Amino acid sequence: MVEISAKLPDGNTIKVPEGATVLDVASAIGPRLAAAALAGTVNGSLVDLGTVISDGDEIAIITPKSPEALHIVRHSAAHVMAEAVKDLFPLAKFGIGPAIEDGFYYDFDIDRPFTPEDLESIETRMREIVSEEKTFARGVLDKLEAWDAFEGQPYKRELIEELPEGEVISTYTQGAFTDLCRGPHVPSTGLLGAFKLMKLAGAYWRGDSTRPMLQRIYGTAWLTQKDLDAHLMRLEESEKRDHRKLGKELDLFSFHEEAGAGLPLYHPKGARVLRLLQEWLRAELYRRDYVEVITPHMYKADVWKISGHYENYRDNMYFFEIDEGDGKVNEYGIKPMNCPGHLMIYGNEGRSYRDLPMRMFEFGTVYRHEMSGVVHGLMRARGFTQDDAHIFCTAEQVHDEVVAMLDLVDYVMRQVFGFEYTAEVSTRPEKSIGDEKFWDVATKSLMGACEARGLAYDVNEGDGAFYGPKIDIKLRDAIGRTWQCSTIQVDFNLPERFGLTYRTTENSDAQPYMLHRTILGSMERFFGILIEHYAGALPTWLAPVQAVLIPISDRHLEYAEQTRRELESAGVRAEVYSDNEPMRVKIAKAQQQKVPYMLVLGDKEVESAEVGVRERTQGDIGAMSIEAFARQVLSERP
RNA sequence: GCCGACGUAGCUCAGCUGGUAGAGCAACGCACUCGUAAUGCGUAGGUCAGGGGUUCGAGUCCCCUCGUCGGCUCCA
């Protein structure tokens, strides 16, 4: 018998008979490894355990501990789901079924919509397939054979057609189901215990709204039941933190069918939080030499024609006509962006290099007609307020301005709110304007600014706006979800359209660079993110009510009211729970409202002129003077 | 905009195959006057999202509109 050798990740080699598979290598290393093996790699490429190896190959075994394991398991689960669908809906046509974050999906085209009951029967059938422990068998075809093999499967045939000529096409078969697939897969369906079908959704074939809409089934799959349970727990936790639910419970805002979708109404407590955020940020911006402006909510269509929005952003804008009464009819558009106003202010007078950089900011409320399917609480509203700023500067100043913005981002996101974040730089897309020199200077300035701040960034090649490159900042919240808020964009287009110039030191006119930037993005969306990040328990400085006063009985009401006034005049937001209820009921209500401090007021406190302080997570922290308590609360400001 | 699900009291939800609406919490009233997460009793509260249709009869079945949810798409 001829022996060949395989190299292992630890540097050792192992002898196996010719014709041995990856699984044979695993067995040769040890039976425990063989039992745990899911797939392998040969010379760095992922393969099945059944792959025959050649002499000198570098072999690694993928076990549940390997980072690739989950991906393989999820992809295999997608195939099992497809088999179940094929069993139950023999006429189904198959789209694609990849592994995704936390799970997998598969797109199907069947003659009627799936129902939730279908989902149950598909899942039941999947469990049967798993218990049958079917093997995943790899097959290799050429293009013609593949074409024949997928008769009646137009989506699969479309995929085959696009594969490069001469490429080896592989299929995977388990039971009666064969799928076009690169692989690898786990050796047996028996290894796929921990999965659950999650939801149904429509999805255009290849994400193209002109193509047929398929039905997508999402599932989640994990290596162990314990991991699956933990995932489901995380989902439950996310649901508990949902800002729409908390917004209702904490009486922050509401939506009204008669008012229109995506238009939030802020109640006193919600308005308070938004104003607190604005006041704090405004002070930070003044400190950084920004100037604040206020611009109208609407303009005549002329402005939108100059800016290009009339032509290119029309579908997302609210336009209306008004009869001026003298036979003239004017068309107006409500602003979807604040830039034109800022450009007009810049252009209002002659500017000199001495005026630059000019940092203009506005809490500007904009309205965008988002498509009805995408509005989502505060996260995706049709009316929202941006912490918007435009910096007009010279090419040489771009770098320092961007560094300063990144400083501000770090201060706000990491130091004040405790978000970790990452950066992405997007470069010139195919369809774009402006000469190469502008793009070069701008892109290098953005990257250079990240580097100067030691901020690692990913590059999204060709993903910039048509008018300039950008940096996007992605936050990671308390439960690991990511959000995009801050964005810094260079714009070559608008200064040109509005004819902006400045007088240089050589007494010539030059076009300024313009940077768009938001830190929080949309105030309301950021509010939503904060609600979810803190699970509704906003930090003391942002809490709409910082302290609830809890008189133990009616005879303490007067002291409570007097204390509340003292706290308010010291700058503490306080409220008396004066209802005639036992104190434990009031405490329960205050806890539910996630108020940072509860002040218990009984005979003892009246006598000593103190407040009995209960902190929302620590519980009773003892009595202190009103003044000491106020100091404590005020010290929690950033 | 597209696909699917959903919309019952202020909130959370029940209401089987069509026979004329129910609970808990909240509200209001009365009693209790209380020491760190929910006191008892009582009262009131609904053109079952809106409109149209089928039917002797619609919260329940069908259609349209609005809104919500989950996706897709878009995000000058």
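These values consider heavy atoms only, across backbone and side chains, with no hydrogens, waters or symmetry-generated copies. So that the names make sense, note that chain A is the first sequence line, chain B the second, and so on, each numbered from 1. Please read all numbers here as calculations on a predicted model, not as lab measurements.
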Side-chain-base donor-acceptor pair under 3.5 Å for [X] and [N]:
| X | N | value |
| --- | --- | --- |
| A/Y204 | B/rG1 | yes |
| A/Q592 | B/rA37 | no |
| A/D107 | B/rC72 | no |
| A/E258 | B/rG50 | no |

With respect to the side chain of [X], which nucleotide from [options] is positioned closest?
| X | options | value |
| --- | --- | --- |
| A/Q591 | B/rA37, B/rC2, B/rA38 | B/rA37 |
| A/M213 | B/rG71, B/rU33, B/rU36 | B/rG71 |
| A/R614 | B/rG4, B/rU39, B/rU36 | B/rU36 |
| A/P582 | B/rC32, B/rG70, B/rU39 | B/rU39 |
| A/K248 | B/rU36, B/rU33, B/rU12 | B/rU12 |
| A/K589 | B/rA38, B/rG35, B/rC72 | B/rA38 |
| A/K199 | B/rG71, B/rU33, B/rU73 | B/rG71 |
| A/R555 | B/rA37, B/rG70, B/rU33 | B/rU33 |
| A/V375 | B/rC2, B/rA37, B/rU68 | B/rU68 |

Please confirm whether the ring centroid of [X] lies under 6.0 Å from the ring centroid of [Y].
| X | Y | result |
| --- | --- | --- |
| A/Y218 | A/F104 | no |
| A/Y346 | A/F498 | no |
| A/F438 | A/Y513 | yes |

For A/R380 and A/R584, find the nucleotide of RNA chain B closest to each by heavy atoms; which residue's nucleotide sits nearer the 5' end?
A/R584
Assuming nearest nucleotide by heavy-atom distance, tell me which of A/A588 and A/G377 is located more 5' along RNA chain B.
A/A588
Touch class at under 4.0 angstrom, heavy-atom based, for [X] against every strand present:
| X | answer |
| --- | --- |
| A/G308 | base |
| A/F255 | nothing |
| A/D603 | base |
| A/E311 | nothing |
| A/N316 | nothing |
| A/H256 | nothing |
| A/Q618 | nothing |

Quote, to the nearest angstrom, the [atom1] distance that separates [N] from [M].
| N | M | atom1 | answer |
| --- | --- | --- | --- |
| B/rC75 | B/rG4 | P | 25 Å |
| B/rG15 | B/rU60 | P | 15 Å |
| B/rG7 | B/rA49 | P | 8 Å |
| B/rG71 | B/rU65 | C1' | 23 Å |
| B/rC48 | B/rA14 | C1' | 13 Å |
| B/rA27 | B/rU12 | C1' | 16 Å |
| B/rA38 | B/rC32 | C1' | 15 Å |
| B/rU43 | B/rC6 | C1' | 34 Å |

In terms of ring plane angle, is the pair [X] and [Y] parallel, tilted or perpendicular, where the classes change at 30° and 60°?
| X | Y | answer |
| --- | --- | --- |
| A/F108 | A/F114 | perpendicular |
| A/W439 | A/F492 | perpendicular |
| A/Y106 | A/F94 | perpendicular |

Watson-Crick/G-U partner (both atom distances under 3.5 Å) of [N]:
| N | result |
| --- | --- |
| B/rU12 | B/rA23 |
| B/rU47 | none |
| B/rC66 | B/rG7 |
| B/rC34 | none |
| B/rG1 | B/rC72 |
| B/rG29 | B/rC41 |
| B/rC61 | B/rG53 |

Near RNA chain B, which residues from residues 364-374 of chain A have a heavy atom under 4.0 Å away?
A/M371, A/S372, A/G373, A/V374
Atom [atom1] of [X] to atom [atom2] of [N]: distance rounded to whole Å?
| X | N | atom1 | atom2 | value |
| --- | --- | --- | --- | --- |
| A/R314 | B/rC74 | CZ | P | 22 Å |
| A/D242 | B/rG70 | CG | P | 7 Å |
| A/E257 | B/rG67 | CD | C1' | 4 Å |
| A/D463 | B/rC74 | CG | C1' | 14 Å |
| A/R216 | B/rG71 | CZ | P | 11 Å |
| A/L197 | B/rG71 | CG | P | 16 Å |
| A/D208 | B/rC74 | CG | C1' | 12 Å |
| A/Y106 | B/rG71 | OH | C1' | 19 Å |

So does A/R244 get a side-chain nitrogen or oxygen closer than 4.0 Å to the phosphate oxygens (OP1/OP2) of B/rG70?
yes
For A/P264 and A/Y266 the tightest heavy-atom approach is CG-OH, 3.5 Å
Please report the closest heavy-atom contact between A/A259 and A/L265, naming both atoms and the distance.
CB-CD1, 4.5 Å
Between [Y] and [X], is there a salt bridge with N-O shorter than 4.0 Å?
| X | Y | value |
| --- | --- | --- |
| A/R211 | A/E158 | yes |
| A/K604 | A/E610 | no |
| A/K474 | A/D472 | no |

Extract all donor-acceptor atom pairs below 3.5 Å that involve side chains of residues 95-103 of chain A and protein atoms in other chains or at least two apart in sequence.
none

